[in-house]
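Input: a single structure, listed below in structure tokens.
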2 protein chains.
Amino acid sequence: MHGPDASNLLERLDALTQAALLQGFHQRQLVEGELLGSPNGERDSVFIVRSGRIRVFLAFEDKEYTLTFLEAGGIYSTHSQAYVQAVRPSEVLMGDTVQTMATLRSLPSAVPAIIRVLGATLDNCMRIIEDLAFRDVEGRLARFLDGMLARKGRPHQGSLRLELDLNTEDIAQLLGTTRQTVSSLLNRMAREGILSRAGNGVFDIHDAERLRARSQ
Amino acid sequence: MHGPDASNLLERLDALTQAALLQGFHQRQLVEGELLGSPNGERDSVFIVRSGRIRVFLAFEDKEYTLTFLEAGGIYSTHSQAYVQAVRPSEVLMGDTVQTMATLRSLPSAVPAIIRVLGATLDNCMRIIEDLAFRDVEGRLARFLDGMLARKGRPHQGSLRLELDLNTEDIAQLLGTTRQTVSSLLNRMAREGILSRAGNGVFDIHDAERLRARSQ
DNA sequence: GGCAAGCTGTCTGCTGGCTGACAGACAGCC
DNA sequence: GGCTGTCTGTCAGCCAGCAGACAGCTTGCC
């Protein structure tokens with residue numbers, strides 16, 4: 001989410017490699033709000049999302065910045081300074097990082113896929129830095145919507161419908177700003193005819209052209 | 001630079017593995033200001049810095065944000081949306097990414113090192129995001145100085161001397177702010193007795209305690 | 001029905017930091 | 001000496017966006 005998805009690791013591997021890699025992984029059910037990992041967490045794990053929705057975020061004092069939402073197929077690691085939390089009931093496959101590294105030694109065919117996943121995560125981070133360092137909130141919002149449009153937009157009555165299932169606060173945390181600012185920007189764009197809101201978390205984009213122009 | 005260094009890849013490998021990995025790499029001399037890579041550059045390369053100083057930065061319109069400076073031992077890739085530029089005459093060992101990936105398949109012992117390097121780069125990116133999303137410029141500056149202190153500080157007449165070889169503008173670009181703001185913050189810290197400036201790019205930190213407190 | 005919880009919209013005041021402009025200090029060079 | 005280029009310090013003006021407060025709307029529950 002928020003840009004091209006962290007690539008689906010499993011799709012890129014043949015069945016045998018897949019099975020070998022996932023040896024030692026165990027399935028885990030998460031309830032809504034459950035923390036999978038936090039900075040300085042005891043144990044390093046890698047995990048793959050089977051279902052549900054996982055939020056990866058940074059926190060400092062009482063602010064939070066969402067790095068990404070993971071859905072089915074998403075892969076991440078609980079090391080790093082990020083918090084990892086299920087925002088709804090979810091299922092994940094978890095494995096120990098150290099053990100997975102060891103498995104990799106005897107599974108060279110999986111290496112390029114792994115490196116590509118890491119590379120995609122890195123790209124995502126760089127995009128975020130670019131956003132935070134250079135763009136104002138309106139630019140970030142436009143870029144976010146434009147990116148989601150490419151991934152999730154569906155034609156609907158002459159416009160493009162975007163069902164994000166995110167509320168204003170969620171979007172604000174993805175952009176590193178406040179709910180109030182997102183709210184007023186979205187309404188300004190609505191007034192300008194760029195989009196309209198068709199219920200909570202549902203947007204109809206009427207002028208993708210102008211949206212993209214704003215994301216530069 | 002700017003936090004723990006992107007780990008020195010070569011140190012972590014035995015001589016044989018090293019030689020195998022660097023097969024096909026070629027040495028290249030860079031003059032000051034030379035661009036090694038830019039977003040949408042034709043060819044993907046990996047490179048290792050032998051000497052000199054390389055700046056990795058993002059650019060947008062007329063602003064630039066420096067992600068890191070690489071010195072001897074540093075490793076990076078020219079893929080990604082970053083620009084890579086020699087800020088002084090430098091020597092690098094360059095290799096083709098695709099070919100290096102292929103080499104890796106038959107060199108499983110190098111995989112953990114590679115993954116660790118990628119992981120360190122990712123950690124650095126996350127630290128930057130944390131800074132940009134949560135901290136004001138003074139906090140970022142304090143954190144930057146504190147980090148450099150740990151890596152480059154040398155006792156000097158009862159204080160800790162920091163020879164950064166960076167001017168105010170360079171620091172501003174590392175922090176995502178302007179030269180003027182950095183200048184006034186440094187002078188405020190000097191007035192408060194936290195540090196003093198002993199020439200361009202040289203700082204004496206008198207109160208590391210209070211510096212750290214400001215970086216939270 | 002009433003009540004609470006969650007989501008949204010809007011207003012107001014305040015401020016961190018950007019921008020542009022200018023001046024002083026210093027080094028190297030002709 | 002004067003000239004140029006590089007680096008630094010400082011000031012005034014301005015504004016994007018934060019923070020707090022409040023109101024309206026829905027939904028679900030007792």
Side-chain angles (χ1 to χ4, degrees), chain A residues 32-33 60-65 87-88 131-145 162-192 194-204 214-216, chain B residues 32-33 60-65 87-88 131-145 162-192 194-204 214-216:
Chain A
E32 182 174 332
F60 181 68
E61 288 169 4
D62 57 348
K63 292 177 186 172
E64 298 185 354
Y65 182 91
V87 291
R88 59 178 63 163
D131 268 11
L132 292 175
F134 301 134
R135 272 172 248 272
D136 59 18
V137 178
E138 182 167 22
R140 305 210 285 273
L141 177 57
R143 193 144 98 124
F144 167 70
L145 290 174
L162 205 46
E163 305 205 21
L164 287 186
D165 196 12
L166 295 173
N167 62 32
T168 314
E169 177 77 40
D170 294 333
I171 296 175
Q173 288 184 339
L174 275 167
L175 301 180
T177 181
T178 61
R179 180 189 66 77
Q180 292 94 316
T181 301
V182 172
S183 170
S184 62
L185 289 175
L186 281 173
N187 288 316
R188 190 162 83 200
M189 287 185 185
R191 247 176 282 124
E192 294 171 334
I194 295 178
L195 53 79
S196 58
R197 310 192 68 165
N200 286 359
V202 183
F203 301 87
D204 287 326
R214 253 165 235 221
S215 69
Q216 327 226 358
Chain B
E32 183 173 332
F60 182 66
E61 289 168 5
D62 57 348
K63 292 177 184 172
E64 297 185 356
Y65 182 91
V87 292
R88 60 178 64 162
D131 268 10
L132 292 176
F134 301 136
R135 273 172 246 271
D136 58 18
V137 178
E138 181 168 22
R140 304 209 286 272
L141 176 58
R143 193 143 98 124
F144 167 70
L145 290 175
L162 205 47
E163 305 205 21
L164 287 185
D165 195 13
L166 295 173
N167 63 31
T168 314
E169 177 76 41
D170 293 333
I171 296 175
Q173 287 183 339
L174 273 167
L175 301 180
T177 180
T178 61
R179 180 188 67 77
Q180 291 94 318
T181 301
V182 172
S183 169
S184 62
L185 289 175
L186 281 174
N187 288 316
R188 190 161 83 201
M189 288 186 186
R191 247 176 282 124
E192 294 171 335
I194 295 179
L195 53 78
S196 58
R197 311 191 67 164
N200 287 0
V202 184
F203 301 88
D204 287 325
R214 255 167 233 220
S215 69
Q216 327 226 358

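To find a chain, count down the sequence lines: A is the first, B the second, and so on, and within it residues start at 1.
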*Sugar-phosphate only, base, or nothing, as touched by B/Arg197 at under 4.0 Å among non-hydrogen atoms*: sugar-phosphate

*Counting side-chain heavy atoms from CB outward, which of C/dC22, C/dT19, D/dA19 is closest to B/Thr178?*
C/dT19

*Starting from P on C/dT19, measure out to CD on B/Glu169 and report it in whole angstrom.*
11 Å

*Among the nucleotides D/dT8, C/dT8, C/dG17, which one has an atom lying closest to any side-chain atom of B/Asp136?*
C/dG17

*Can you check the B/Leu141 CG to C/dG17 C1' distance for me, whole Å?*
14 Å

*asked:* Set out, in order, the CA-CA distance, both residues' side-chain angles and the distance that settles side chain to side chain contact (heavy atoms under 4.5 Å, CB included) for B/Leu145 and B/Leu162, then state yes or no.
replied: CA-CA 9 Å; B/Leu145 290 175; B/Leu162 205 47; 4.2 Å; yes

*Value in whole Å for how far the P atom of C/dC18 lies from OH of B/Tyr65*: 12 Å

*Choosing from D/dG17, D/dC7, D/dT10, which nucleotide comes nearest the side chain of A/Thr181?*
D/dG17

*Using a cut-off of 4.0 Å on non-hydrogen atoms, how would the nucleic acid contact of A/Ser184 be classed: base, sugar-phosphate, or nothing?*
nothing

_Nearest 0.5 Å, please: how far is OG in A/Ser215 from CD in A/Glu138?_
10.5 Å

*Can you figure out which of C/dT19, D/dT8, D/dA19 approaches the side chain of B/Lys63 most closely?*
C/dT19

*Picking from C/dT19, C/dC7, D/dT8, which would you name as closest to the side chain of A/Asn167?*
C/dC7

*asked:* B/Thr181: which residues meet the side-chain contact (heavy atoms from CB on, under 4.5 Å) condition with it, sequence neighbours left out?
replied: B/Val137, B/Thr177, B/Thr178, B/Leu185

*Considering only D/dC7, C/dC18, C/dG9, which nucleotide approaches the side chain of A/Asn187 most closely?*
C/dG9

*When we call it a touch if two heavy atoms are under 4.0 Å apart, what does B/Gly176 touch: a base, just sugar-phosphate, or nothing?*
sugar-phosphate

*Should the pair A/Asp165-A/Arg88 be classified as a salt bridge under the 4.0 Å nitrogen-to-oxygen rule?*
yes

*Atom-to-atom span, CD1 of A/Ile171 to C1' of D/dG17 - whole angstrom*: 17 Å

*Closest to the A/Arg179 side chain, choosing from D/dC18, D/dT8, C/dT10*: C/dT10

*Atom-to-atom span, CG of A/Leu164 to C1' of C/dC7 - whole angstrom*: 16 Å

*In whole Å, what is the span from the CG atom of A/Leu185 to the P atom of C/dG9?*
11 Å

*side-chain contact (heavy atoms from CB on, under 4.5 Å) involving B/Ser184 - partner list, sequence neighbours excluded*: none

*Between B/Phe134 (CZ) and D/dC18 (P), how many Å, whole number?*
13 Å

*A/Leu132 has an atom CG; how far is it from atom P of D/dC18, in whole Å?*
11 Å

_Base of C/dG17, side chain of B/Gln180 - is there a donor-acceptor contact under 3.5 Å?_
no

*B/Thr168 side chain near D/dC7 phosphate (N/O to OP1/OP2, under 4.0 Å)*: no

